[in-house]
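Below: one structure, written as structure tokens.
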Amino acid sequence: MSRAVEVVKSGRLGRLVAVVGTEMFCKPDQYFEDGPWRRQPGGGPLLINMVHEIGNLRALCGEIVAVQAFASSATRNFPVEDTVSISLRFANGVLGSFMLSDTVAAPRSWEQTTREDPVFAAYPDEDCYIVAGTDGSLAIPTMLLRFYGDPGQRSWHVPFESEILAINHADPLARQLDNFCAVIRGTEEPGVSARDGLQNVRVLEAIRRAAASGQTCVVGN
């Protein structure tokens, strides 16, 4: 994600237009037997999983100002949601869509695409994000960049040029701890600030309100 943010900020994608994200995977039955609270409101994929995705979306595309959402529990029939479809509007005009489900036979999740944690089955050929701008698009985490060699000849008739961007594979928890220690020493700024954490929760609360009301909900700040 750090590398993807660098690419976006570099301008290689041109002006950002849209982002598509997915967190689609299957939590086993044992997961709910071990923790019955996960069947109840507050124990579903919105609070457990989506809050992290919001941080990713904000890092890539900026502040989220309004959301719409549909939530469903029709598959497991638990009191808590198992699937949510979300639309997002960013302050800079970017629009986004996100599909969240913890009950589908699909590997389109951060955990299963990035290979960060070996406890999960890995699918390194899959992506869970696509960020698209006027000059190019970036698939994450395969880091496949597609772009027009000549931005003046943008057209669906013109083949894209492609590049796989190099990344430095490292344990994310170790990198987070390194940053945390550096913040304590005063030599680095936090990778994610307390304000970022608060704003992620505000966006999540707006999604929950939107799903419950069927209305567009503005994100507080």
Side-chain angles (χ1 to χ4, degrees), residues 1-25 45 49-70 83-101 104 106-116 123-168 172 191-192 196 199-200 203-204 206-207 210 216-219:
M1 184 55 64
S2 298
R3 182 74 173 101
V5 170
E6 289 177 3
V7 173
V8 171
K9 290 182 176 179
S10 74
R12 292 198 67 181
L13 305 185
R15 179 177 177 178
L16 286 190
V17 177
V19 60
V20 177
T22 58
E23 179 75 355
M24 299 170 63
F25 55 95
N49 303 101
M50 189 64 198
V51 68
H52 303 292
E53 308 299 334
I54 292 168
N56 289 341
L57 292 164
R58 291 180 55 243
L60 289 167
C61 301
E63 293 300 337
I64 298 168
V65 295
V67 299
Q68 296 176 324
F70 290 100
T83 304
V84 188
S85 174
I86 305 164
S87 295
L88 309 111
R89 179 182 295 277
F90 294 80
N92 55 10
V94 173
L95 297 181
S97 66
F98 200 98
M99 180 57 68
L100 170 70
S101 181
V104 293
R108 299 288 297 275
S109 70
W110 183 261
E111 293 84 356
Q112 293 186 281
T113 58
T114 61
R115 296 169 286 165
E116 285 186 350
Y123 301 87
D125 59 333
E126 293 279 4
D127 287 299
C128 57
Y129 286 94
I130 295 180
V131 187
T134 53
D135 296 335
S137 60
L138 178 66
I140 307 167
T142 62
M143 302 306 287
L144 173 60
L145 175 66
R146 296 191 187 275
F147 57 97
Y148 289 115
D150 180 359
Q153 300 294 320
R154 298 190 310 128
S155 168
W156 59 6
H157 298 295
V158 177
F160 287 111
E161 295 188 22
S162 298
E163 179 182 351
I164 301 291
L165 302 181
I167 58 174
N168 178 27
V192 178
D196 283 324
Q199 195 62 19
N200 292 342
V203 174
L204 180 62
I207 292 171
T216 298
C217 288
V218 174
V219 177

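In what follows, every heavy atom counts, from backbone to side chain, and hydrogens, waters and symmetry copies are set aside.
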Got a second to check how far [X]'s [atom1] is from [Y]'s [atom2], nearest 0.5 Å?
{"X": "Thr22", "Y": "Ile130", "atom1": "OG1", "atom2": "CD1", "answer": "8.5 Å"}
{"X": "Phe98", "Y": "Ser87", "atom1": "CZ", "atom2": "OG", "answer": "12.5 Å"}
{"X": "Asp196", "Y": "Arg58", "atom1": "CG", "atom2": "CZ", "answer": "4.5 Å"}
{"X": "Leu100", "Y": "Ile86", "atom1": "CG", "atom2": "CD1", "answer": "6.0 Å"}

Between [Y] and [X], is there a side-chain heavy-atom distance shorter than 4.5 Å?
{"X": "Ile164", "Y": "Leu144", "value": "yes"}
{"X": "Glu53", "Y": "Val203", "value": "no"}
{"X": "Tyr129", "Y": "Leu57", "value": "yes"}
{"X": "Trp110", "Y": "His52", "value": "no"}

Compile the donor-acceptor pairs under 3.5 Å between side chains in residues 88-95 and protein atoms, sequence neighbours left out, one pair per line.
{"unit_1": "Asn92", "atom_1": "OD1", "unit_2": "Val94", "atom_2": "N", "d": "3.2"}
{"unit_1": "Asn92", "atom_1": "ND2", "unit_2": "Cys61", "atom_2": "O", "d": "2.9"}

Do you know the tightest heavy-atom contact between [X] and [Y]?
{"X": "Gln112", "Y": "Pro107", "value": "OE1-CA, 3.7 Å"}
{"X": "Ala4", "Y": "Ile140", "value": "CB-CD1, 3.5 Å"}
{"X": "Thr83", "Y": "Ser101", "value": "OG1-OG, 3.0 Å"}
{"X": "Asp135", "Y": "Gly14", "value": "OD2-CA, 3.4 Å"}
{"X": "Thr142", "Y": "Glu126", "value": "CG2-O, 3.6 Å"}

Original post:
Under 6.0 Å between the ring centres of Phe147 and Phe160?
Top reply: no

Original post:
Which pairs with one or both residues in residues 1-16 pass salt bridge (charged side-chain N to carboxylate O under 4.0 Å, His left out), sequence neighbours excluded?
Top reply: Arg3-Glu6, Arg12-Glu163

Original post:
With Met99, which of Arg108, Glu23, Met24 fulfils side-chain contact (heavy atoms from CB on, under 4.5 Å)?
Top reply: Met24

Original post:
Who are the side-chain contact (heavy atoms from CB on, under 4.5 Å) partners of Pro141, not counting sequence neighbours?
Top reply: Thr113, Thr114, Asp127, Cys128

Original post:
Could you go step by step and tell me if Arg146 and Glu161 meet the salt bridge (Lys or Arg N to Asp or Glu O under 4.0 Å) rule?
Top reply: CA-CA 6 Å; Arg146 296 191 187 275; Glu161 295 188 22; over 6 Å; no

Subject >> Working for side chain to side chain contact (heavy atoms under 4.5 Å, CB included), residues Leu138 and Leu145 >> reply: CA-CA 5 Å; Leu138 178 66; Leu145 175 66; 4.2 Å; yes

Original post:
Is there a donor-acceptor contact under 3.5 Å from the side chain of Tyr148 to the main chain of Ser155?
Top reply: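 Judged by distance alone, yes, a pair lies under 3.5 Å.
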
